[in-house]
Asks: 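Next up is a structure, given as structure tokens.
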Amino acid sequence: MNIEKFIESGILEGYVLNIISIEDRATVEEIAKKNNLVKKEISLIEKSLESFSSEHKITPPNHLKTKIIDQIKEEKIFSSPPILTENSKIEDYQLWIDKIEPPENYENMYMKVIGDYKTAKMVIAWIKDGETNHSHSEYTEIFLIVEGSCSATINGKTKSYNVGNYVRFPINSNHSYKVTSKKPMKVIACLAFKAA
Amino acid sequence: MKKSISLFLMSRFVSKIYSNLYSKKISEEELIKLLQENSEEGISLLYDNYSAILYGIITKIVRSENIAEDILQDTFVKIWKNFSSYDSSKGRLFTWMLNIARNKAIDYIRSKEFKNRSLNESDINNKSLSEISSEMNTDQIGLSNTLKFLNPKNKIVIDIIYFKGYTQVEAAKYLNIPLGTVKSRVRNGLIELRKYIK
């Protein structure tokens, strides 16, 4: 390929302005990786676009910075819910309980991951009926019941659980549970992985 | 009298030190490092260094400061959320952020909400070319010398792509010139700007 013609074609400007197709973007990135001339040209275009852009500066109103930083702080908290322990309370998860709604229609269960850590996965879930007998070998599953109730059988022993209770299904245990409330049971759940 | 002048000078001096401390210019590399560490200082410095330029561009696209405030907010939240997908080997941080801001602003002017709003005002999408060029010329009055030196033929192509979100094909149709000419005018315009890179 003739590199000078490629540069002259205007494709690099289109790349920087983000107005070319995904395929063309991939081509440009591929060529830029190997060719310093193309890389340099892109950098020059970026700098000229930056000086063009800075001709249009307007200082935003003062209150906006605090507003934006506060929202980011909230998003930061939202993306990292505390890991469920036996000492956790429903209030600890109020933010997620308030903000997340299930869809109108779902079958037995609707689950949404709210936190994904190396050692655990945090989930909010709505369950209409329950789950039949099963076991898992990778993690212990803990529920904190936020709404509704269930009756759970773990290794042959059956017990009832209500709002505010924990249900702990240990790793490798045989377990099942049945929702006993009229409305779906809503839980904050934690899948705690075996330490590596 | 003398005392108040010296007090005045002193307060200016102090506020200058203060503003140097708090709106310090930070290099892109340092900023990227802070943001990768997910630091709040990083986002604060990012705001200090880039909010005016992004806000200016967004305002120019959506033509309303109220809406530009919301879009700037969404833009910073998205920058923060998606920072791990920024790859410095592929381009400058500024370009990446600018494209997030422009996409959000252009999505807005293509939305129903904007179209409803502009029906009540003037329909920007149906303006004739001469209206747009005269509008762009008025816009030029407040601008620094840099943009006045741009060849108007190049400038209008850059303007409608950059601020109106036209694709190169749309720009060619709109200006009734071949696609190749659109591409070369964008290129020539940006080459003209190279002289002014700071």
Side-chain angles (χ1 to χ4, degrees), chain A residues 5-21 24-26 28-34 38-80, chain B residues 38 40 43-44 47-48 51-60 65 68-69 72-73 75-77 79-81 89-92 94-95 98-99 102-103 139 143-144 146-147 150 158 161-163 165-168 171 180 182-198:
Chain A
K5 263 199 181 149
F6 181 70
I7 291 175
E8 289 297 323
S9 74
I11 193 172
L12 301 181
E13 283 77 9
Y15 173 76
V16 173
L17 281 163
N18 200 15
I19 50 171
I20 58 173
S21 66
D24 284 350
R25 288 193 74 76
V28 170
E29 278 168 10
E30 205 47 50
I31 294 171
K33 238 189 244 168
K34 295 178 208 140
V38 172
K39 215 174 174 170
K40 262 192 194 155
E41 186 73 16
I42 291 176
S43 163
L44 266 174
I45 296 167
E46 290 192 282
K47 282 179 189 158
S48 17
L49 193 67
E50 187 165 346
S51 52
F52 172 74
S53 307
S54 53
E55 297 298 329
H56 298 93
K57 270 187 191 169
I58 303 173
T59 305
N62 278 335
H63 68 90
L64 200 55
K65 182 175 178 181
T66 327
K67 199 176 156 198
I68 289 177
I69 303 247
D70 283 352
Q71 199 198 332
I72 287 174
K73 275 187 201 160
E74 203 185 301
E75 301 270 349
K76 201 168 169 176
I77 297 169
F78 193 71
S79 67
S80 50
Chain B
N38 206 349
E40 256 162 50
I43 200 83
S44 171
Y47 187 91
D48 293 342
S51 59
I53 186 165
L54 296 177
Y55 186 66
I57 298 298
I58 294 168
T59 306
K60 185 131 196 247
E65 294 213 12
E69 282 182 33
L72 186 70
Q73 181 163 358
T75 300
F76 272 100
V77 171
I79 290 170
W80 178 78
K81 270 192 183 167
S89 73
K90 287 184 184 167
R92 290 163 67 80
F94 174 74
T95 311
L98 176 70
N99 283 329
R102 274 185 61 236
N103 282 345
D139 282 351
L143 295 176
S144 71
T146 312
L147 294 185
L150 263 181
I158 294 179
I161 289 175
Y162 192 92
F163 295 116
Y166 282 42
T167 63
Q168 290 170 316
V182 167
K183 290 182 181 172
S184 60
R185 285 186 187 168
V186 171
R187 175 162 168 78
N188 292 337
L190 289 172
I191 287 174
E192 284 183 277
L193 286 167
R194 285 185 194 177
K195 290 173 241 162
Y196 306 101
I197 293 175
K198 283 149 205 158

Asks: Does a salt bridge link A/Lys76 with B/Glu40, judged by any charged N lying under 4.0 Å from a carboxylate O?
Replies: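 A salt bridge is present here (some side-chain N lies under 4.0 Å from a carboxylate O).
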
Asks: What part of A/Glu29 is in contact with chain B, defined as an atom under 4.5 angstrom from a non-hydrogen atom: side chain, backbone, both or neither?
Replies: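 The answer is the side chain of A/Glu29.
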
Asks: Would A/Leu64 and B/Ser51 count as a side-chain contact (heavy atoms from CB on, under 4.5 Å) here? Give the steps.
Replies: CA-CA 10 Å; A/Leu64 200 55; B/Ser51 59; over 6 Å; no

Asks: Do the side-chain N and O atoms of A/Lys65 and B/Ser44 include a donor-acceptor pair separated by under 3.5 angstrom?
Replies: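 Checked: A/Lys65/B/Ser44 side chains pair up, N/O donor to acceptor below 3.5 Å.
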
Asks: Going by the rule side chain to side chain donor-acceptor pair (under 3.5 Å), which residues pair with A/Thr59 if we only count those two or more places apart in sequence or in a different chain?
Replies: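 Side chain to side chain donor-acceptor pair (under 3.5 Å) check on A/Thr59 returns nothing, list empty.
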
Asks: Answer with side chain, backbone, both or neither: which region of A/Lys39 has an atom nearer than 4.5 Å to a non-hydrogen atom of chain B?
Replies: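 Contact with chain B: side chain only.
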
Asks: In terms of heavy-atom pairs under 4.5 Å, which option from B/Arg102, B/Lys195, B/Glu65 contacts chain A the most?
Replies: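 Highest number of heavy-atom pairs under 4.5 Å: B/Arg102.
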
Asks: Which distance, rounded to the nearest 0.5 Å, do you find between the CD of B/Gln73 and the CD1 of A/Ile72?
Replies: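 Separation between the atoms: 8.5 Å.
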
Asks: What part of B/Tyr47 gets closer than 4.5 Å to chain A, counting heavy atoms only: side chain, backbone, both or neither?
Replies: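 Only the side chain of B/Tyr47 comes within 4.5 Å of chain A.
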
Asks: Rounded at 0.5 Å granularity, tell me how far CG in B/Leu193 sits from CG in A/Leu44.
Replies: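 Reported to 0.5 Å precision, the distance equals 12.0 Å.
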
Asks: Please classify the contact between B/Ile191 and chain A as side chain, backbone, both or neither, with a heavy-atom cut-off of under 4.5 Å.
Replies: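 Contact with chain A: none, neither part.
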
Asks: Please look at B/Thr167 and chain A and tell me whether the side chain, the backbone, both or neither of the residue comes under 4.5 angstrom of a heavy atom of that chain.
Replies: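 Contact with chain A: none, neither part.
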
Asks: Among A/Val28, A/Ile20, A/Leu49, A/Ile45, which residue forms the greatest number of heavy-atom pairs with chain B at distances under 4.5 Å?
Replies: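 Among A/Val28, A/Ile20, A/Leu49, A/Ile45, the one with the most close pairs to chain B is A/Leu49.
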
Asks: What pair of heavy atoms forms the shortest contact from A/Pro61 to B/Glu69, and how long is it?
Replies: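 Result for this residue pair: CG-OE2, 3.2 Å.
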
Asks: Parallel, tilted or perpendicular for A/His56 and B/Phe163, by the 30°/60° rule?
Replies: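 Taking B/Phe163 first and then A/His56, their aromatic rings stand perpendicular (interplane angle over 60°).
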
Asks: Does the pair A/Glu41/B/Arg187 count as a salt bridge with the N-to-O cut at 4.0 Å?
Replies: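 A salt bridge is present here (some side-chain N lies under 4.0 Å from a carboxylate O).
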
Asks: Kindly indicate, with the supporting measurements, whether the criterion side-chain contact (heavy atoms from CB on, under 4.5 Å) is fulfilled by B/Gln168 and A/Glu13.
Replies: CA-CA 11 Å; B/Gln168 290 170 316; A/Glu13 283 77 9; 5.8 Å; no

Asks: Which bit of B/Arg185 comes within less than 4.5 Å of chain A, counting heavy atoms only: side chain, backbone, both or neither?
Replies: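 It is neither, since no heavy atom gets under 4.5 Å.
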
Asks: Report the distance from atom OH of B/Tyr162 to atom CD1 of A/Ile19, rounding to the nearest 0.5 Å.
Replies: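 It comes to 12.0 Å.
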
Asks: Could you report the tightest heavy-atom contact between A/Ser48 and B/Arg194, atom names first, then the distance?
Replies: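 Shortest heavy-atom separation between A/Ser48 and B/Arg194 comes out as OG-CG, 3.9 Å.
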
Asks: Nearest 0.5 Å, please: how far is CH2 in B/Trp80 from CD in A/Gln71?
Replies: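 Between atom CD of A/Gln71 and atom CH2 of B/Trp80 there are 10.0 Å.
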
Asks: Mind running side-chain contact (heavy atoms from CB on, under 4.5 Å) on A/Tyr15 and B/Lys90 for me, showing each step along the way?
Replies: CA-CA 11 Å; A/Tyr15 173 76; B/Lys90 287 184 184 167; 4.1 Å; yes

Asks: How far does CD1 of B/Ile57 sit from OG of A/Ser54, to the nearest 0.5 angstrom?
Replies: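 Here the interatomic distance stands at 8.5 Å.
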
Asks: Sequence neighbours left out, what passes side chain to side chain contact (heavy atoms under 4.5 Å, CB included) with B/Asn103? Give chain and number order.
Replies: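 So B/Asn103 forms a side chain to side chain contact (heavy atoms under 4.5 Å, CB included) with A/Asn18.
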
Asks: Please confirm whether the backbone N or O of B/Thr95 pairs with a side-chain atom of A/Glu46, one donor and one acceptor, at under 3.5 Å?
Replies: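 Side chain of A/Glu46 to backbone of B/Thr95, a donor-acceptor pair under 3.5 Å: no, none is there.
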
Asks: Does a sphere of radius 6.0 Å around CG in A/Asp70 hold more than 12 heavy atoms from other residues, nucleotides or ligands, not counting ones at 6.0 Å or beyond?
Replies: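 Yes, the 6.0 Å shell around CG holds more than 12 heavy atoms from other groups.
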
Asks: Quick one: which of B/Leu190, B/Asn99, B/Asn188, B/Ile161 has the most heavy-atom pairs under 4.5 Å with chain A, could you say?
Replies: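 Of the options given, most contacts go to B/Asn99.
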
Asks: In terms of heavy-atom proximity below 4.5 Å to chain B, should A/Ile7 be classed as side chain, backbone, both, or neither?
Replies: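 A/Ile7 touches chain B through backbone and side-chain heavy atoms alike.
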
